[in-house]
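All remarks here apply to the structure that follows.
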Amino acid sequence: TGCMNQPVTFADTSSVGYNNICDTLASYIWNFGAGGPDTIVNSTTSIVYTYPIPGTYIVTLTAGNFCHSDSTKDTICINPLPVAKFNYNDSVFCSPDSVFFTNLSSASDLCGNAVYTWSVMCLNDSCDNPACGGYSFVHGTTNHSYNPVVLFTQPGKYSVQLTFANSCNPPGTYSKTIRVKSKPTVSLSGVPPNLCNGDSIKPTILFTNCYSNITSYLWSFPGGNPS
């Protein structure tokens, strides 16, 4: 396989024979199957050709001298440049949550040698230093699946990257940042274990909340006023 707009080297492994004057002079005619003119050389040295358009081509080499000519053919597949891209199924995620990724890479697997590699990295974050890093590929998918599903079990900020490799160099890469939110937690202090009828209290509340605003508060004082 090869890559569009990148040079491909062809090696001539023809057996050298003798002509009518007992020397090894011969002509070697290359046809690269792309519609251009033949290339004629006088030795078995390697030759370089660049295909501007992806596709499958038949390459023909004809070697001949005064006594005989012989041809051989081979097929080469030329890949398009890999351009990686993806999207996911939602914009808000709360741990634990599964994220379904859709591969939108522009170049198809024309030559059958495309490799898709997904990587997930936890980024440094200032939100209460959550235990970032809890994730796994689920639903039978892996980090090489075309459309993987990732279960995030810990809140945090994650960088997800897709690397799309074929015979072209360099491979295509694309990344996005995902915030996985967590449920808010609350702790209560300033409430004595024993109270007398008519006593008042002024509790202290500590909220821990990462990545999202608290939209409502619900207080409950069973048996008190207000209740």
Side-chain angles (χ1 to χ4, degrees), residues 1-8 33-34 50-58 75-185 207-216:
T1 59
C3 181
M4 62 178 293
N5 296 323
Q6 294 183 7
V8 180
T50 300
Y51 290 91
I53 300 174
T56 301
Y57 300 89
I58 298 176
T75 300
I76 185 171
C77 185
I78 301 299
N79 267 311
L81 295 171
V83 180
K85 191 175 183 180
F86 65 85
N87 209 339
Y88 38 82
N89 61 307
D90 208 344
S91 58
V92 179
F93 304 100
C94 297
S95 64
D97 206 348
S98 294
V99 181
F100 292 75
F101 292 92
T102 301
N103 195 329
L104 302 175
S105 300
S106 64
S108 62
D109 187 9
L110 177 64
C111 300
N113 62 346
V115 177
Y116 302 96
T117 304
W118 298 81
S119 59
V120 182
M121 181 175 64
C122 178
L123 303 176
N124 292 329
D125 208 300
S126 60
C127 185
D128 197 38
N129 191 26
C132 183
Y135 67 89
S136 59
F137 291 87
V138 295
H139 293 195
T141 65
T142 70
N143 65 319
H144 291 299
S145 295
Y146 188 79
N147 292 318
V149 183
V150 179
L151 172 64
F152 292 92
T153 58
Q154 296 289 347
K157 185 167 69 171
Y158 297 84
S159 173
V160 179
Q161 177 172 288
L162 168 61
T163 301
F164 173 19
N166 55 22
S167 55
C168 298
N169 190 33
T173 59
Y174 183 78
S175 62
K176 278 190 169 186
T177 299
I178 293 180
R179 283 189 179 272
V180 180
K181 302 177 182 181
S182 62
K183 298 177 181 178
T185 59
F207 293 101
T208 301
N209 181 50
C210 282
Y211 312 114
S212 60
N213 295 324
I214 297 177
T215 57
S216 64

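Since this is a predicted model, take the numbers as computed values, not measurements. In what follows, residues are counted from 1 in the order of the sequence shown. These values consider heavy atoms only, across backbone and side chains, with no hydrogens, waters or symmetry-generated copies.
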Could you tell me which residues satisfy side chain to side chain contact (heavy atoms under 4.5 Å, CB included) with [X], sequence neighbours excluded, listed by chain and number?
X    : answer
P7   : V48, T50
N143 : T117, F137
I53  : Y57

Rounded to the nearest 0.5 Å, what separates atom [atom1] in [X] from atom [atom2] in [Y]?
X    : Y    : atom1 : atom2 : result
C122 : Q154 : SG    : CD    : 9.5 Å
L162 : S105 : CG    : OG    : 4.5 Å
F152 : Y158 : CZ    : OH    : 6.5 Å
L110 : I78  : CG    : CD1   : 9.5 Å
N79  : C3   : CG    : SG    : 6.5 Å

Taking all atoms of both residues into account, what is the closest heavy-atom pair of [X] and [Y], and its distance?
X    : Y    : result
C77  : T56  : SG-OG1, 4.0 Å
P148 : T142 : CB-O, 3.8 Å
Q6   : L81  : NE2-CD2, 4.1 Å
N103 : N147 : N-OD1, 2.6 Å
V115 : H144 : CG1-ND1, 4.1 Å
V8   : I76  : CG1-CD1, 3.8 Å

In residues 88-96, what donor-acceptor pairs under 3.5 Å come from side-chain atoms, sequence neighbours left out?
| unit_1 | atom_1 | unit_2 | atom_2 | d |
| --- | --- | --- | --- | --- |
| N89 | OD1 | F100 | N | 2.9 |
| S95 | OG | K181 | O | 3.4 |

Does some side-chain heavy atom of S119 sit less than 4.5 Å from a side-chain heavy atom of T163?
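Not in contact.
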Neighbour count >12 (heavy atoms, 6.0 Å) for atom CD1, I58
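No, CD1 of I58 has 12 or fewer neighbouring heavy atoms, counting only those of other groups under 6.0 Å.
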Among W118, F86, Y116, find the one that has a ring pair (Phe, Tyr, Trp, His ring centres under 6.0 Å) with Y146.
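Exactly one pass, corresponding to Y116.
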If you look only at distance, which donor and acceptor atoms sit under 3.5 Å apart when one is on a side chain in residues 168-177 and the other is two or more places apart or in another chain?
| unit_1 | atom_1 | unit_2 | atom_2 | d |
| --- | --- | --- | --- | --- |
| K176 | NZ | N87 | OD1 | 3.4 |

Would you sort out whether Y135 and I178 count as a side chain to side chain contact (heavy atoms under 4.5 Å, CB included), showing the intermediate values?
CA-CA 12 Å; Y135 67 89; I178 293 180; over 6 Å; no
